[in-house]
Amino acid sequence: MNIYNEKPKIVFYRQRSFGELINVTFDFIRENWKPLLRFITYLILPVALLQGVSFGSFLDDYMGTIADAANGSEDNPLALFGVSYLFTILFMFVGYFIVTTVTYVLMQLYDESPQRLKGITFDDLKPRFWHVMGRVLVTFLIAVAIGVAAILLMVAVSVVATPLLLFILIPAGAVLAIPYSLVTPLYVFEDCSVGEALQRGYRLGFKSFWLIIGLSILLSIIVQFISGVVSLPISIFMGVKGFLGVQGDSAANGPVMTILSFLLSSVSAYVTFLVTPIMTIGLAYLYSHTVEKEDGLTNSRDIANFEQMTMPRHTDIDNFDQLV
């Protein structure tokens, strides 16, 4: 039996309790896991493979440095953060942007289409993909700029002010960072400027301050648990490879270890990308809850649509003078 006939469609803009926010996050994933898996895998698998190559290369450099240190070498430890590490970080961010964009686009299409995501193809994603990714990228760059400015401010304060002031600024910065979680979904789901998204996002974020903290902590625990379980083999592999390297065993850098490093790193990256939508979907529904609770967006739209309606004309009355 078709699942779409069994369950009512998930309404996006609706007030929900904390438990309902958790439930609706996993309800959406359960109902739409096939399109999520298909589109994310298609777009993210090449990135995961490239990240596996770069991270495997980084592991070789890392273990080589450990072996050199054990043998009394005094190489610069900053050599760890070489080209391979930078490429690993780059592919990680590229994967994040792709997965977040696909998730948001699928949520938009699900909400707007009577058929939900049934029969959806890449042609349905294309018109929105780059627009949504651009908005995700803009909010990410703003967050980076805010973070850099905060770090520079704390450095300046630590030089010219007392440690007490620095101690106060650190939690204050954390408090300001939490409401920013709603800026990205607001900017994606609403037709507004980035300035309006920042203003309304912070206003709504402070209204749901504790909900953001609770939801983020719980979903982060779930995501980190899954990622940790999947990353366990690569962690064991790193330990074995490091042990062999310290012992001077040539197998540490042999072809078998190289292939295993690539495969385990790629699988770990792929699964990490797959669980990323959990947080994205959760925060999107938290945004919709908050905007519905504080702004009554659904009611505003219904009123706007009602005002655009025209009453049907009674032609008999208009043509009364022509009646016999």
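Any value given below was found using the heavy atoms of this structure, including those in side chains, with hydrogens, waters and symmetry copies removed. Residues: numbered from 1 along the sequence shown. Here the structure is a predicted model, which is why all the values come from computation and not from measurement.
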Give me each pair satisfying ring-ring contact (aromatic ring centres under 6.0 Å, His included) with a member in residues 206-233, each pair once, sequence neighbours excluded. none
So, does Thr100 use its side chain to make a donor-acceptor pair with the main chain of Phe97 at under 3.5 Å? no
Trace of the side chain to side chain contact (heavy atoms under 4.5 Å, CB included) decision for Ile120 with Leu117: CA-CA 5 Å; Ile120 191 172; Leu117 297 181; 3.8 Å; yes
Side chains of Pro277 and Val99 in contact at under 4.5 Å (non-hydrogen atoms): yes
Look at the rings of Tyr96 and Phe140 and say which category their plane angle falls in: under 30° parallel, 30 to 60° tilted, over 60° perpendicular. tilted
Strictly below 4.0 Å, N to O, side chains only: are Glu294 and Arg200 in salt-bridge contact? no
Among Lys7, Lys118, Lys9, Arg116, exactly one meets salt bridge (charged side-chain N to carboxylate O under 4.0 Å, His left out) together with Glu31. Which residue is that? Arg116
Less than 4.5 Å apart, any side-chain heavy atom of Leu218 and any of Phe18? yes
Identify the residue among Ile281, Thr25, Ile212, Leu204 that makes a side chain to side chain contact (heavy atoms under 4.5 Å, CB included) with Leu286. Ile212
Is there side-chain contact between Val188 and Gln108, with heavy atoms separated by less than 4.5 Å? yes
Is a donor on one side and an acceptor on the other found under 3.5 Å between the side chain of Ser208 and the backbone of Gly205? no
Of all heavy-atom pairs between Glu20 and Ser17, which one has the smallest distance, and what is that distance? OE1-N, 2.8 Å
With a 4.5 Å cut-off on side-chain heavy atoms, are Leu219 and Phe26 touching? yes
Just how far is it from atom CZ of Phe93 to atom CG of Leu137, taken to the nearest 0.5 Å? 11.5 Å
Is there a donor-acceptor pair under 3.5 Å between the side chain of Ser227 and the backbone N or O of Gln224? no
At what distance, to the nearest 0.5 angstrom, does CD1 of Ile222 lie from CD1 of Ile226? 7.0 Å
side-chain hydrogen bond (donor to acceptor under 3.5 Å, both in side chains) contacts in which one or both residues fall within residues 260-275, not counting sequence neighbours: Thr41-Tyr270, Ser231-Ser268
Where do Leu274 and Leu37 land on the side chain to side chain contact (heavy atoms under 4.5 Å, CB included) test, with the steps shown first? CA-CA 7 Å; Leu274 281 184; Leu37 180 64; 3.9 Å; yes
What pairs with Leu263 under side chain to side chain contact (heavy atoms under 4.5 Å, CB included), at least two apart in sequence or on another chain? Ile259
Within the structure provided, determine whether Phe262 and Phe55 are in side-chain contact (heavy-atom separation under 4.5 Å). no
What pairs with Asn23 under side-chain hydrogen bond (donor to acceptor under 3.5 Å, both in side chains), at least two apart in sequence or on another chain? none
Least distance between heavy atoms, Ala197 atom then Leu186 atom: CA-CD2, 3.6 Å
Hey, what do you get for CD1 (Ile278) to CG (Leu36), rounding to the nearest 0.5 Å? 10.5 Å
Under-4.0 Å salt bridge between Asp295 and Arg203: yes
Side chains of Leu198 and Tyr180: does their closest heavy-atom pair fall under 4.5 Å? yes
Can Glu190 and Tyr287 be said to form a side-chain hydrogen bond (donor to acceptor under 3.5 Å, both in side chains), step by step? CA-CA 11 Å; Glu190 296 189 21; Tyr287 147 75; 2.6 Å; yes
For Gly95 and Ile44, work out which heavy atoms get closest and say how close. CA-CD1, 3.3 Å
Using side-chain heavy atoms (C-beta onward) and a distance below 4.5 Å, is Ile142 in contact with Tyr187? no
Which heavy-atom pair separates Gln15 from His289 by the least distance, and what is that distance? CA-ND1, 3.5 Å
Sequence-distant partners of Arg38, salt bridge (Lys or Arg N to Asp or Glu O under 4.0 Å), two or more places apart: none
What one should report as the nearest heavy-atom pair of Ser220 and Met279 is OG-CE, 3.0 Å
Same cluster or not: are Leu109 and Val11 linked, directly or through other Ile, Leu, Val, Met, Phe, Trp or Tyr residues, by side-chain heavy atoms under 4.5 angstrom apart? no
Show your working on side chain to side chain contact (heavy atoms under 4.5 Å, CB included) between Thr184 and Tyr104 and close with a plain yes or no. CA-CA 10 Å; Thr184 299; Tyr104 279 140; 3.8 Å; yes
Between Ser216 and Leu283, which heavy-atom pair has the shortest distance, and what is it? OG-CD2, 4.1 Å
Return the CD1 to CG distance between Ile178 and Leu211, rounded to the nearest 0.5 Å. 12.0 Å
Hey, does Tyr13 have a side-chain heavy atom less than 4.5 Å from the side chain of Tyr285? no
For the side chain of Tyr110 and the backbone of Ile10, is there at least one donor-acceptor N/O pair under 3.5 Å apart? yes
With sequence neighbours excluded, residues passing salt bridge (Lys or Arg N to Asp or Glu O under 4.0 Å) with Asp123: Lys126
Within 45° cone and under 6.0 Å: Lys34 NZ/CZ vs Phe39 ring: no
Roughly how far, to the nearest 0.5 Å, is the CD1 atom of Ile40 from the CG atom of Leu106? 7.5 Å
Working to the nearest 0.5 angstrom, can you tell me the gap between Phe12 CZ and Ser288 OG? 4.5 Å
Pair Tyr42 + Phe122: ring centers closer than 6.0 Å: yes
Show, in sequence, the C-alpha distance, side-chain angles and deciding distance for Thr280 and Met107, and conclude whether the side chain to side chain contact (heavy atoms under 4.5 Å, CB included) test is met. CA-CA 10 Å; Thr280 304; Met107 293 187 75; 5.6 Å; no
